[in-house]
Amino acid sequence: MTVPKAAGNLDPVALENSLIRTWNEEKIFYQSIENRRLKDSPFTFLEGPPTANGKPGIHHVISRLYKDMVCRWKTMEGHIVERKAGWDTHGLPVEIEVQKQLDLMSNEAIENFGMEAFNQKCKESVWTYEQAWREMTERMGFWVDMDDPYVTLHDDYIESAWWSLKQMFDKGLLFRGHKVLPYCPQTGTSYSSHEVAQGYKEVSEPAVFVKFKLKDSNSCILAWTTTPWTLPGNVGLAVGPKVTYCRVKITAEPSNSWEGRGGAELGDELILAKDLLGNVLRHKMEVLEEFPGSKLIGKSYEPLFPGAIDGSDSNAWTVVGADFVTTSDGTGVVHTAVMYGEDDYNLGMKEGFPSQHTVGMDGKFIKGTHDMLDGRYVKECDSDIIDLLNSCGKLYREHIYTHDYPHCWRTDHPLLYYAMDSWFVKMTAVKEQIIQYNSEVEWAPEWTGTKRMGEWLSNIKDWAISRERYWGTPIPVWICNECDNEHCVGSIEEMISMKTDDSPIPPELHRPYVDDVKLNCSNDDCSGEMIREPYVMDCWFDSGCASFAQWHYPFENKEKFEGVFPVDYICEAVDQTRGWFYSLLAVSTTVFDNVAYKRCLSLGHILDKDGKKMSKSRGNVVNPWDHFNKEGSDAIRWYMMTQSAPWTPTNFDPNGVRESYAKMFLTLWNVHRFYSDYASLDNFDPEEKDSYVDIKERSHLDKWILSRMTTVAENYHENFISWNFHKAGRELENFVINDLSNWYVRRSRRRLWNEDESNDKRSCQHTLHEVLLTVCRLMAPVSPFIPDQIHRDLTGHSVHLADWPVGSNLVERNLPPQNWVLEQEMALVRKLAETGRRVRVEAGRRQRLPCKSGWIVGGPDISDFHEILAEELNVEELTTEEDLDRFQRIEIAPNRKSLGKKCRQDLPAVLELLENADPDNILLEIEAEICILEGYDITMEDIELRRVEKENFAAATISFEEIGDVSLVLDMSLNEDLVSKGLARDIIRHVQAKRKEKNLDVEALIELDVWIDSKEQLFDNDWSHIQIETRAGNASINQGDIPKKIEYFEVDGIGVNFSVKEIN
RNA sequence: GGGCGUGUAGCUUAGUUUGGCUGGAGCACCCCGCUGAUAACGGGGAGGCCACAGGUUCAAAUCCUGUCAUGCCCA
């Protein structure tokens, strides 16, 4: 026997904390997986690993919610849903954090400190907030196995990553090249765009127009640059093939004053884009010819700094075409120094320019560049370079240029764009496959896949996976110091078997230990030693390996992995499109020739209440504990789901969390309390077969709420499938608040107050029991706490072990029958109740004063609900009526505009006649066109017809698409009987308020004394009714002297005094 | 600078795919009512240049173009 437990007041924080303990004790998470084991239908989820070196904020709660929700939902549908936690532990942000802590602001400083000690600090740092993350995760109810997580710094994980890199290497997808990065020579480090973004500064520095002398003519091509230090490295000039260029001849000295160095001789010939002549040239000139850029392509010119670069066997110092050339600034000719700009580098590779540095890693010119420059820091040479050019007539003009330029956030020095050695994965080689696999993923929202990711993939570039850093997965590539043979290691075993005898076995797969491992050259003919490339991997590569590396595949768990790959579901915020979503897809495409995930939900960000993003520096990060400890996790989770579509950015509104709590959870809890308190009082056992009331036997109201439940549950499920969780939640919330609480429970209150056993009472109890269980099961994936408590109170079992009520291919459907007609009729009834209240307000009839009669005109037969409606509207007798004319008459209003034109000065007289005439008669006359007043023909144009309620009636009409018009008419007449009843209701109301004010128990008896101006206005049976309703054990109605300090009120002009005392 | 989102009442939002009734809710506010009905409920009110500017159309919050703001990613 499971009699529902009485519910107390709702304390969400205490309830949730206590449930967390219960879950742990009963191992509910474990059970919820194991219980479905027999059905043998896994649904696989992959957790995107967070980094625990920052405090979790409210924005982390939302992605964990959507992960958890889908997993719980699929579990209830009968799937086995295992959830392994993960931690992302490598990467630049970790290093930066430690560098800040230890004040190690350059690579040199780190190396002096010691790589081993530094990496040890990094390793510690990534766990700084692990406890905070664990606590947040548990408190919000995110079920994930945190005791056996995958960790990207573990040797097992790294070994799997190595294995996957070797697969790429073996397929020829791994190669060595250059990547141009913002680089600080002071700290010896290159920067990510994230770091660059925090260091932009506005600077004013010299920019120059430089003359490049063509070999086959006397003309010079004019090019512009803001970085004079890159000029010694110039190996090419880029022009736009379709841009129009001019050859011009200098014909006169400049008319206005000349700024800075540079100049031109009369007769000099210069070539530049036509559109920019006016911007660039200061001399008077004559245009000799115009031609497209394509005419310039292939021409050779003289190097500015002969000898700085070895141009032999290359295409150096020629003009080439490039799409990126525009005429928005400069001269329409782009100076190209291969190693000092990304466009430059890409163009250089394409055109076969030499890729040689003129600048060392220390930021100084390499020996042999130029006598005046060798060994000097490049940014200090700008002016000397300009002098050098000027002295040999290669400078046309200099000017000061103001722009934003990235600076090192540590040293404040300007960064140099510098081509660094780097390893790449040749993504361009698998472009078609990855686009195909992307299209096979079910994306939510769809545009994340087709547009955001699709756009990115259609411009896919090779993936630079190496970083010149210390803390990360070491690149497992060794190079022979004799024969340059490259070897990629795919396992620990392979490394150890190849290592030289005097190399140590590394204690873990991190720098500096693996750096010390040297391998015997894998080339049979070579006896050289192989040295590891000194890089670590992009940490996105780490997390991109999660699907297999979490299982240490292929070294362990082979079967397990093959059964769960590709995973069914992943979910992260939208910024992961080019992050984790991409790296997973890139790795699975190159290694497995497959997708990595079948469904991907991309979430919008949570912003602060002003629509700004939450960030530490702004100080607007909301601490989730502010709400965990106030409204509780359920309310936060429900708020997040119902607030907006998952992919829409949402402004976080603390007030909204409160609202979710107050509306959804308090209401639900009070429905639960209303049912359970009475059920436990009555010892009601929902499972007892003898007292069960079949749904067919129950009242219309019961059948209605059960039908609504099914309709809502089905919509809820459909919305879940189409990722419209917000719509699902809103509809269910509306059901709980409006249908269940505000109508079903309100209308059923008296059924449960009844102390006698009855079929009707049991029907109501069964109905509430069934509806509450279904609501709890639907809500459980979203808000796992309060629904579980209610479910436990009602059944003794956890909701998380229950099945999804809508059913699935694994579990049975468990929903009551639907009755569409009944739902329609009830909608009409509720609409009529609303209408009736409005009619009363408009007619000035207070709610407690009953009406004698009410009539419903039109619409379907709803006489089954007349009793409910009569009570709602406080009408003694409600009937159906066919004829609206019984309550309405026609009124004729003059159309003054039309009559005024016709009658002019006789208008007042006509108006008077119209007003005094019998409207029915005169209307007949007008319609028959025989109406003449004061000699004027009155037509339909001259009047307006109105239907108004006859004396003592009030009415309103509502329109429905399916049913047509339905009118409600109320009888507004009064008699002594009604006044007495109204008076009684008011006395009851005041006494009840007093009882509540005195905090009396609902069951408590009172002694009631009442004084009324004229006693006979309250009929005896109404007085009896008052005594019953207020549980008055003793009651007297008095006249004469009224004691002082007693309650008094007045209604309809009758004064009432009363006193309430508790009888002990 | 490029790609992709977002912008509707003081706040949070529905409606935009597929153009069509007076742009619909909730919170907060004001008035009234109801309540042994909870932090509740009902009726009414006030509050909208649907970001802005053009265009297409009989008709635009909705489609097109541009601008602005804001967010993410890339440069």
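No hydrogens, no waters, no symmetry mates; every other heavy atom, side chains included, goes into these values. In the text below, chain A, chain B and the rest are named by the order of the sequence lines, each starting its count at 1.
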Which nucleotide in the set G26(B), G42(B), C74(B) lies at the smallest distance from any side-chain heavy atom of Glu659(A)? G26(B)
ring-ring contact (aromatic ring centres under 6.0 Å, His included), that's the test. Do Tyr183(A) and Tyr340(A) meet it? Break it down for me. CA-CA 10 Å; Tyr183(A) 172 77; Tyr340(A) 310 110; over 10 Å; no
Phosphate oxygens OP1/OP2 of G5(B): is one of them under 4.0 Å from a side-chain N or O of Lys451(A)? yes
Say we look at C29(B) and U67(B): how far apart would their C1' atoms be, to the nearest angstrom? 36 Å
Using atom C1' of each nucleotide, how far apart are C63(B) and U18(B) to the nearest Å? 11 Å
Can you measure Glu733(A) atom CD to C27(B) atom P for me and round it to whole angstrom units? 10 Å
Heavy atoms of Met427(A) and Asp462(A) approach each other most closely as N-OD1, 3.1 Å
Has the side chain of Thr650(A) got a donor or acceptor that lies under 3.5 Å from a partner of the other kind on the base of U13(B)? no
Who does C4(B) pair with, Watson-Crick or G-U, both distances under 3.5 Å? G71(B)
Which whole number of Å gives the distance between the C1' atom of A60(B) and that of U8(B)? 14 Å
Candidate nucleotides G5(B), G71(B), U38(B), ranked by approach to the side chain of Thr667(A) - the nearest: U38(B)
Before we go on, tell me: are the rings of Tyr345(A) and Tyr418(A) under 6.0 Å apart, centre to centre? no
Listed pairs, N/O of protein and of nucleotides 31-34 of chain B, under 3.5 Å:
residue	atom	partner	partner atom	Å
C34(B)	OP1	Gln847(A)	N	3.3
C34(B)	OP1	Arg848(A)	N	3.3
C34(B)	OP2	Arg848(A)	NH2	3.1

Paired to G23(B) by Watson-Crick or G-U wobble criteria (both distances under 3.5 Å) is none
Between Glu872(A) and Arg747(A), does any side-chain N to carboxylate O distance fall below 4.0 Å? yes
Return the value, rounded to whole Å, for the distance between atom CD1 of Ile460(A) and atom C1' of C73(B). 15 Å
Would you call Glu1062(A)-Arg995(A) a salt bridge at under 4.0 Å N-O? no
Just so I know, are the side chains of Lys727(A) and Glu731(A) near enough to count as touching, which here means a heavy-atom distance under 4.5 Å? no
Both distances under 3.5 Å, Watson-Crick or G-U wobble: report the partner of G47(B), or none. none
May I have the distance from His726(A) (atom NE2) to G26(B) (atom P), rounded to whole angstrom? 18 Å
Of the nucleotides G71(B), U38(B), G36(B), which has the atom closest to the Asn670(A) side chain? U38(B)
Options G36(B), C72(B), U13(B), nucleotide nearest the side-chain atoms of Gln992(A): G36(B)
Sticking with atom P, work out how far C4(B) lies from A25(B), rounded to a whole angstrom. 36 Å
Quantified in whole Å, what is the P atom distance between nucleotide G48(B) and nucleotide G23(B)? 13 Å
Lys663(A) has a side chain; which of C72(B), G26(B), U6(B) sits nearest to it? G26(B)
Taking any heavy-atom pair under 4.0 Å as a contact, classify Asp653(A): base, sugar-phosphate, or nothing. sugar-phosphate
When rounded to whole Å, the CG to P distance for the pair Leu457(A) and C4(B) reads 14 Å
When rounded to whole Å, the OH to C1' distance for the pair Tyr661(A) and A40(B) reads 13 Å
Can you tell which of G42(B), U38(B), U6(B) lies closest to the side chain of Pro649(A)? U6(B)
Phe581(A)-Trp443(A) aromatic ring centre distance below 6.0 Å: yes
Between A46(B) and C30(B), how far is it from one C1' atom to the other, in whole Å? 7 Å
Nearest-angstrom distance, C1' atom, U16(B) to G5(B): 15 Å
If you pin Val745(A) and Arg452(A) to their nearest nucleotides in RNA chain B, which one's is more 5'? Val745(A)
Output the single nucleotide from G71(B), G42(B), A75(B) whose closest atom is nearest the side chain of Asn738(A). G42(B)
Can you tell me how far apart CZ (Arg989(A)) and CD1 (Ile1026(A)) are? Round to the nearest 0.5 Å. 14.5 Å
Measure the distance from CZ on Arg658(A) to C1' on A40(B) and round it to the nearest whole Å. 11 Å
Roughly how far apart, to the nearest Å, are A51(B) and G10(B) at atom P? 13 Å
Would you indicate, yes or no, if A14(B) has its OP1 or OP2 atom less than 4.0 angstrom from a side-chain nitrogen or oxygen of Lys727(A)? no
Could you tell me whether Phe541(A) and Trp463(A) have their ring centroids closer than 6.0 angstrom? yes
Could you tell me the separation between the NE2 atom of His59(A) and the P atom of G71(B), rounded to a whole number of Å? 14 Å
Glu834(A) side chain: which of U38(B), G42(B), A75(B) is closest? G42(B)
Would you mind telling me which residue lines up with the more 5' stretch of RNA chain B, Arg837(A) or Tyr639(A), judged by nearest nucleotide? Tyr639(A)
Using a heavy-atom cut-off of under 4.0 Å over every strand shown, decide if Phe674(A) touches base, sugar-phosphate, or nothing. nothing
d(CZ, Arg840(A); P, C41(B)) in whole Å: 22 Å
Before giving the answer on salt bridge (charged side-chain N to carboxylate O under 4.0 Å, His left out), spell out for Lys981(A) and Glu876(A) the whole-Å C-alpha distance, their side-chain angles and the decisive distance to 0.1 Å. CA-CA 10 Å; Lys981(A) 285 197 170 102; Glu876(A) 302 218 291; 2.9 Å; yes
